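Here is the structure we will look at, set down as structure tokens.
As the structure is a computational prediction, the values presented were derived from the model and not from experiment. Keep in mind that the numbers below use all heavy atoms, side chains included, and drop hydrogens, waters and symmetry copies. Start at 1 and go down the list; that is how both ligands and their atoms are numbered.
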Amino acid sequence: MTAEPALPAARLMDGRPPARELLAETARRAAAFRAATGTPPTLATVLVGDDPASATYVRMKARRCEEVGIRSVRVELPRTAATAEVVAGVQRLAADPAVHGILVQHPVPAPVDRRAVFEAIPLGKDVDGVTSGTLGRIILGLPGFVPCTPEGIMRLLRAHGVELRGLEAVVLGRSPILGRPMASLLINAHATVTLCHSHTRDLPAVVRRADVLIAAVGRPRFVQGDWIKPGAVVVDAGYNPGNVGDVDFAGAAARAGMITPVPGGVGPMTIAVLLEHTVTAAEGAGPTAPRP
Ligand code: NAP
């Protein structure tokens, strides 16, 4: 019987050091903007309903804003709010020159038409990358505020020296803010991409082809260790109750070449990107800035 070849112990792709760097740079830019204009960069957050997890996320984002010198404004609407009311709230923020970025906290409770609410955000203030206009620009490789988690993942891959050109990438999940833009960014970086979802046949076999796997399914420890190609780069975007990712970390780390921890991998990058986008929007250097 031949022994299994020794597998490399996975290197951790820690998201905290690159996130700290990005936050420090963002704080410097926020201070310069304030010094030049007399007003701080401002992020408005729209919270509809009383979901405790959403309220916690909004509070956490406000705290992070404060830490880097961004003013945060919170607009709260009741769970019973009609679509037109929520859209009107976003339109007021869109028209307010003192507001530079708008984030609608999801999930927006049904029966509000979430898409209609998102579409009320102008491109230049779409710092969370939720509008169809932004997604179209990303697919085409045009400037736009890339949704914060996929952009955070691309930066994390770069920070850890992953060269994507020519690699087989598998993205698990096709949501408009995560899986779909993620697949586009990987295509634009010259990877060969397979986008999987709940109708994909023989998912383990597809995942086993991945040199790079991005897991964004929203199911705790869904990806099993024996699905991982030896030496693969595994990015776990999942964030489930109990600080658990979408990948079975212990099993995957035994086969992967590199793997993100949960927490401390993708999460810190996501929030840092959101704050950077807000400052970029304030500087007027976002997707609607005139190009030379
Ligand atoms: P979502 O909108 O619920 O989308 C989940 C995707 O996974 C869908 O495309 C779904 O397929 C697919 N899926 C579900 N069950 C599946 C299965 N059994 N087999 C294959 N595919 C399956 O979730 P999301 O908003 O993209 O979030 C995904 C994860 O990322 C969650 O854990 C979330 O908490 C996390 N997240 C993390 C951050 C961060 O900062 N770290 C930010 C945002 C989200 P269908 O399309 O066919 O239904």
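Screening V234, V162, V212 for a side chain to side chain contact (heavy atoms under 4.5 Å, CB included) with M258, the sole residue that qualifies is V162.
The distance from the CZ atom of F145 to the CG atom of D128 is 11.0 Å, given to the nearest 0.5 Å.
Between H106 and F118, the ring-plane angle classifies as perpendicular under the 30° and 60° cut-offs.
A side-chain N or O of T280 and one of R29 form a donor-acceptor pair less than 3.5 Å apart. Side-chain contact annotation: E283 with H100, donor-acceptor N/O pair under 3.5 Å absent.
Near ligand 1, T149, G173, R174, S175, L178, H197, S198, H199, L203, A216, V217, G218, R219, F222, A237, G238, Y239, N240, D246, V266, G267, T270 each place a heavy atom less than 4.0 angstrom from the ligand.
Counting only residues at least two apart or on different chains, no ring-ring contact (aromatic ring centres under 6.0 Å, His included) pair has a member in residues 157-184.
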